[in-house]
2 protein chains.
Amino acid sequence: MLQWDDLRYFLAVHRHGTHAAAGRALRVAPTTIGRRLAALEEALGVKLFQRTPGGLVLGENGQVLRAHAERVEAEVFASERELTGADRRVSGPVRLTAGDGMATHLLAPRLTELQQAHPELRVELRADNLAVDLSRREADVALRLFRPREQSLITRRLAPFTFGIYGGEPYLARRGRPSGMKDAARHDWLGPESAQDGTPPGQWLRRHIPASRIALRSSATTVLMSACAAGQGLAVFPELLAACDARLVPVLPRAALPTRELWAVTHQDLRHSARVAAVMDWLVRLFPAARPA
Amino acid sequence: MLQWDDLRYFLAVHRHGTHAAAGRALRVAPTTIGRRLAALEEALGVKLFQRTPGGLVLGENGQVLRAHAERVEAEVFASERELTGADRRVSGPVRLTAGDGMATHLLAPRLTELQQAHPELRVELRADNLAVDLSRREADVALRLFRPREQSLITRRLAPFTFGIYGGEPYLARRGRPSGMKDAARHDWLGPESAQDGTPPGQWLRRHIPASRIALRSSATTVLMSACAAGQGLAVFPELLAACDARLVPVLPRAALPTRELWAVTHQDLRHSARVAAVMDWLVRLFPAARPA
DNA sequence: GCATGGCCGTGCATGATTGCACGTCGGACG
DNA sequence: CGTCCGACGTGCAATCATGCACGGCCATGC
């Protein structure tokens, strides 16, 4: 039967790269790390790491186990916090996640307010456009463009969330402004990767702009904003984000773009956690248009 | 620092009631159980069990830890299955969850087909009206009346899901059939508990029937169906369920009841699990009206 | 090309954890 | 009311895991 503690050694090796470094982190001898890791690979019957110059790197099976082990770890930490009462103080780690554009332009600049109000709070801001799974403790708080229906999640409405079409001055000087939707289809566009077709910008582009006119695709909104500001093409951005870069000039103001709402989401298990409550409150204050939900 | 393996001992004690029984299950001496448990309580600084005649019973803190520990366990088991290849065979446990009405009348009677097709499959059918959380591995497959939006969940449409209003013969003989919505508000009704106000029957009742006319509330649809068939009042049931009890007579056929769809939901991590695929396929075949989604 | 530093793997002493035997306690049943 | 049975806790011995010291290996830097 698998030794659950071995997952801790496994995670430490993955994070620190070598037996020795993992041993230092866990305050055990490197030889112990090696032996436990061998036992784990033995028990599972698979090799987990590839030995490379510069350390141990996860193999395919290792990646699979890492996902599981990290959830195990998060669950254990959560139980410790809850049972030892650490949840009642605003201290310790909070994992906050949002799309990279929001994280970069809306959250990161104002994180200092939160840090100053709660010096012991340690925020981990994960900028990721793939929706992480709150239920699995992959994050504590998430920003979403829709309100999840799951009963196990609790939500707070932050702000209306609208989109606009933008271009950079160099581009507009070179190509002019599109006069209407017909003309827009002849312009150069920047858009998200196909995996993000479901997002509002992705849907709008797929519907109105031929794929051949999309000059650049990126999974990162920050990349698209930078490229757009530099004049590489037109793009659809949230107005809240576009407002953060003065080089982005709105065009086609009458285009019919979708409207969403911005929600802060957390898991109901974290309802009584002071850390999470502090972050949720900070988020609500961040957006003046917030209304209770 | 907490010993992750201690959670295994903790769960075993909870499930088997005594140190000795837990020790037998884990193939260790009872004294080891006692010592690890003491170490766990020491590390967390809380008492987990109450000693009662007949065994150890979880205290309040124990309940909290149990929820976490069970998720840890499910995660560990999932990693074992995935890495050892046990996922590629249709064997082992599958946890299926649905409302108690659906579980009792639709799933349970036809589980034998599934068991015969896959003798090594061990189905745990959890009848629970509180939506369990698939993402947290509280179940592998769930039946839902809406399609979750979470990207991490995969769904298959099973059938249209309609509701009707029903009464038992004894009741109708005594009180007559309601002639219309006005008259309906003077009848006796059976309904779900207030915690289930969000369900279609709950919403409809809250809207059309005064709370004072609701003679019986139960969280269990089976209870309501039984009471309704025995003539204790009128109630709103899914037509698929009502069809299973010939004593339920449809009334008020023209009432405007909500319409839903029935979905089978699982987590994308289980996409490649043969066990889960077998259950999903069985569910689809169970409902002739199923269409791919 | 050689020295150095860090890392991993192997043998041995140590320390911790486990298992066993025994004592005590509480409840059940005659 | 006494006895028996099962369960939990304590002392001791064995076992197992851990830590340490050493050697081989690789990479980097001089």
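Throughout, a chain's letter reflects where its sequence line sits, starting with A, and its residues are numbered from 1.
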_To the nearest 0.5 Å, what is the distance between CG on B:Leu143 and CG on B:Leu283?_
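These two atoms lie 5.5 Å from each other.
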*Taking all non-hydrogen atoms of both residues, which atom of A:Ala78 and which atom of B:His68 are closest, and how far apart?*
CB-CE1, 3.8 Å
*For the side chain of A:Ser79 and the backbone of A:Val76, is there at least one donor-acceptor N/O pair under 3.5 Å apart?*
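Confirmed, A:Ser79 side chain pairs with A:Val76 backbone.
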*Check each of A:Val94, A:Leu96, A:Thr104 against A:Leu125 using the side chain to side chain contact (heavy atoms under 4.5 Å, CB included) test, and report the only one that passes.*
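The side chain to side chain contact (heavy atoms under 4.5 Å, CB included) with A:Leu125 is passed solely by A:Leu96 among A:Val94, A:Leu96, A:Thr104.
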Residues two or more places apart in sequence or in another chain: which of them pass side chain to side chain contact (heavy atoms under 4.5 Å, CB included) with [X]?
X	result
B:Thr84	A:Leu44, B:Ala86
B:Arg51	B:Leu56
B:His14	B:Phe49, B:Leu58, B:Arg66

*Heavy atoms under 4.0 Å is the rule here; annotate nucleotides 7-21 of chain D 5' to 3' with B where the base is hit, S where only the sugar-phosphate is, and - elsewhere.*
-SSB------SBBB-
*Residues B:Asp269 and A:Arg71 bridged, charged N to O under 4.0 Å*: yes
*Is any NZ, NE, NH1 or NH2 atom of the basic residue among A:Arg8 and A:Glu73 found under 4.0 Å from an Asp or Glu carboxylate oxygen of the other?*
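Not counted as a salt bridge, because no side-chain N and carboxylate O are separated by less than 4.0 Å.
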_Verdict with reasoning, A:Asn129 to A:Ser219, per side chain to side chain donor-acceptor pair (under 3.5 Å)_ = CA-CA 7 Å; A:Asn129 289 307; A:Ser219 62; 5.1 Å; no
*Mind checking which nucleotides bracket the chain A contacts on DNA chain C, 5' to 3', with an atom under 4.0 Å from a heavy atom?*
C:dC7 to C:dG9
*For the helix from C:dG1-D:dC30 to C:dG30-D:dC1, what is the angle between the axes at its two ends, each from 5 pairs, rounded to 10°?*
20°
